[in-house]
Amino acid sequence: MEIMLCAICNIASGGCSEDCKYCTQSAHVKTNIAKYKNKKIEDIVNEAKIAKKNHALGFCLVSAGFGLDDEKLEYVCKASYAIQKEVGDLLLIACNGNASVEQLKELKKAGIFSYNHNLETSKEYFDKICSTHTWEDRFNTNLNAKEAGLMLCCGGIYGLGESYEDRISLRKSLQELKPFSSPINFFIPNENLNLKQPLLSADEALQIIKDSAKDLPETFIMVAGGREVVLKQRQYEIFDAGAKAIVVGDYLTTKGEKPSNDIEKLKQMGFTFASSCH
């Protein structure tokens, strides 16, 4: 079985104006994460080189903040050009918050393949976890990305206190968007966050993956944040549940599995790694 590996690069960390209760990068909470405005382009390129060596096909440029402005747009485009020049053969994904069709067209011109903007949870539950922007803001940015000709990477976070009905509602909204890939993240509690929810069980997490694969049969279901913490020794059962992609390495502000451990285990299990989009 062939699976897709993706890696994340946190190009602008912390100090986000939004009050998303699940996020350690929000300026509304005090956390000890690394905070910086713009990572050096050469450092981003080096991370892209490492991702390529680790068999990653997707490489996501993530910045904290409400959305794209002219300065950030220019910076992301500059990073994209630099990666293409020195690395190549990576599907570049941008994740930079709310964006207009015109801004997203500029990203596409700069070589960005896909835009990642997660809905996070259901339309009905969203105001319980964020008050500084709306669920509709997120949904509309995804529509903008499609209009701009970008592939769509859109998913959510489970374990925020949402109901079973909320999970169904989220997936129905994803069905409307028909994303190329859909990340499944599992909430990881942090003592500094205002949101207090227990970890999901491994059984519940695997069922969420099964339900997502069933509801989004044409989409690459990607298991991302929380995989190691929630699933522990059962984390490679995700492929039996219907996942077709994972994030390797670290996440935005939390450590992930050492990539070499993932790669060795996956090879032992007979998996091969996608080297192109088809």
Side-chain angles (χ1 to χ4, degrees), residues 6-20 23 25-27 35-41 43-45 47-48 58-88 90-120 123 126 130-157 173-174 176-183 185 219-220 222 224 252 277:
C6 290
I8 293 174
C9 181
N10 198 8
I11 64 174
S13 178
C16 179
S17 62
E18 306 307 285
D19 67 354
C20 306
C23 185
Q25 297 198 79
S26 171
K35 297 177 181 179
Y36 46 86
K37 184 177 180 181
N38 289 332
K39 185 175 284 185
K40 292 180 180 178
I41 297 294
D43 291 340
I44 296 173
V45 170
E47 288 188 37
F59 188 68
C60 190
L61 305 172
V62 187
S63 59
F66 173 74
L68 280 172
D69 54 26
D70 290 344
E71 180 183 359
K72 187 180 291 184
L73 177 60
E74 181 181 357
Y75 169 63
V76 176
C77 289
K78 185 178 179 181
S80 177
Y81 284 126
I83 294 167
Q84 291 171 78
K85 181 180 179 180
E86 297 197 39
V87 186
L90 284 174
L91 299 182
L92 297 182
I93 306 154
C95 179
N96 313 118
N98 287 293
S100 68
V101 173
E102 292 72 22
Q103 291 171 323
L104 293 162
K105 284 182 177 178
E106 288 301 310
L107 290 181
K108 183 174 173 60
K109 287 179 186 177
I112 295 297
F113 168 79
S114 176
Y115 200 69
N116 172 219
H117 198 52
N118 293 333
L119 297 179
E120 305 304 19
K123 179 180 180 179
F126 188 83
C130 180
S131 67
T132 48
H133 63 270
T134 67
W135 184 92
E136 286 79 8
D137 289 331
R138 288 181 172 268
F139 192 85
N140 288 334
T141 288
N142 282 285
L143 294 179
N144 291 345
K146 296 191 76 170
E147 185 176 340
L150 291 165
M151 301 299 281
L152 200 58
C153 176
C154 183
I157 305 176
S173 297
L174 292 172
E176 290 183 51
L177 291 170
K178 298 180 174 63
F180 167 77
S181 59
S182 186
N185 299 280
T219 296
F220 278 89
M222 177 188 300
L252 293 176
C277 174

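Only heavy atoms go into these numbers, but all of them, side chains included; no hydrogens, no water, no symmetry mates.
Distance check, rounded to the nearest 0.5 Å: OG1 of T141 to CD of Q103 gives 9.0 Å. Separating the CD atom in Q84 from the OH atom in Y81 is a distance of 7.5 Å, to the nearest 0.5 Å. The CG atom of L104 sits 11.0 Å away from atom NZ of K108, with the distance rounded to the nearest 0.5 Å. Interatomic distance, CZ of F113 versus CG of L107, reported as 14.0 Å (0.5 Å rounding). Rounded to the nearest 0.5 angstrom, I93 CD1 and C153 SG are separated by 5.5 Å. The distance from the CD atom of E106 to the OG atom of S100 is 9.5 Å, given to the nearest 0.5 Å.
The shortest distance between side-chain heavy atoms of N96 and Y75 does not fall below 4.5 Å. Residues Y115 and N144 are not in side-chain contact: their nearest non-hydrogen atoms beyond the backbone lie 4.5 Å or more apart. When side chains are defined from C-beta on, I8 does not count as touching C6, because their heavy atoms never get closer than 4.5 Å. Side chains of H117 and N98 form a contact here, defined as non-hydrogen atoms less than 4.5 Å apart. At a threshold of 4.5 Å between non-hydrogen side-chain atoms, the residues F126 and L119 do not count as touching. Side-chain contact between I44 and I83: present, with at least one pair of heavy atoms (C-beta onward) separated by less than 4.5 Å. Between L91 and S114 the shortest side-chain heavy-atom distance does not fall below 4.5 Å.
Considering every non-hydrogen atom in both L61 and A79, the closest pair reads CD1-CB, 4.3 Å. Minimum interatomic distance between K72 and D69 (heavy atoms only, all atoms of both residues): N-OD1, 2.8 Å. Between A145 and L152, the shortest heavy-atom distance links the atoms CB-CD1, 3.9 Å. Taking each heavy atom of D43 and K39 in turn, the nearest pair found is CB-CG, 3.9 Å. Between A48 and L90 the shortest heavy-atom distance is O-CD1, 3.8 Å. The nearest pair of heavy atoms linking L92 to G111 is CB-O, 4.2 Å.
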Requested in this report: Check step by step if side chain to side chain contact (heavy atoms under 4.5 Å, CB included) holds for E176 and F139.
Outcome: CA-CA 10 Å; E176 290 183 51; F139 192 85; 3.8 Å; yes
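Residue E136 places its CD atom among more than 12 non-hydrogen atoms of other residues, nucleotides or ligands, all under 6.0 Å distant. The environment of NZ in K146 is crowded: more than 12 heavy-atom neighbours from other residues, nucleotides or ligands sit within 6.0 Å.
Looking at T134 and D137, their side chains do bring a donor and an acceptor atom within 3.5 Å of each other.
Judged purely by atom type and a 3.5 angstrom limit, E86 has no side-chain atom pairing as donor or acceptor with the backbone of V45. Side chain of T219 to main chain of S182: no donor-acceptor pair is present (N/O by atom type, distance under 3.5 Å, no hydrogens or angles).
Under a 4.0 Å N-O distance rule, the pair E102/K105 does not qualify as a salt bridge.
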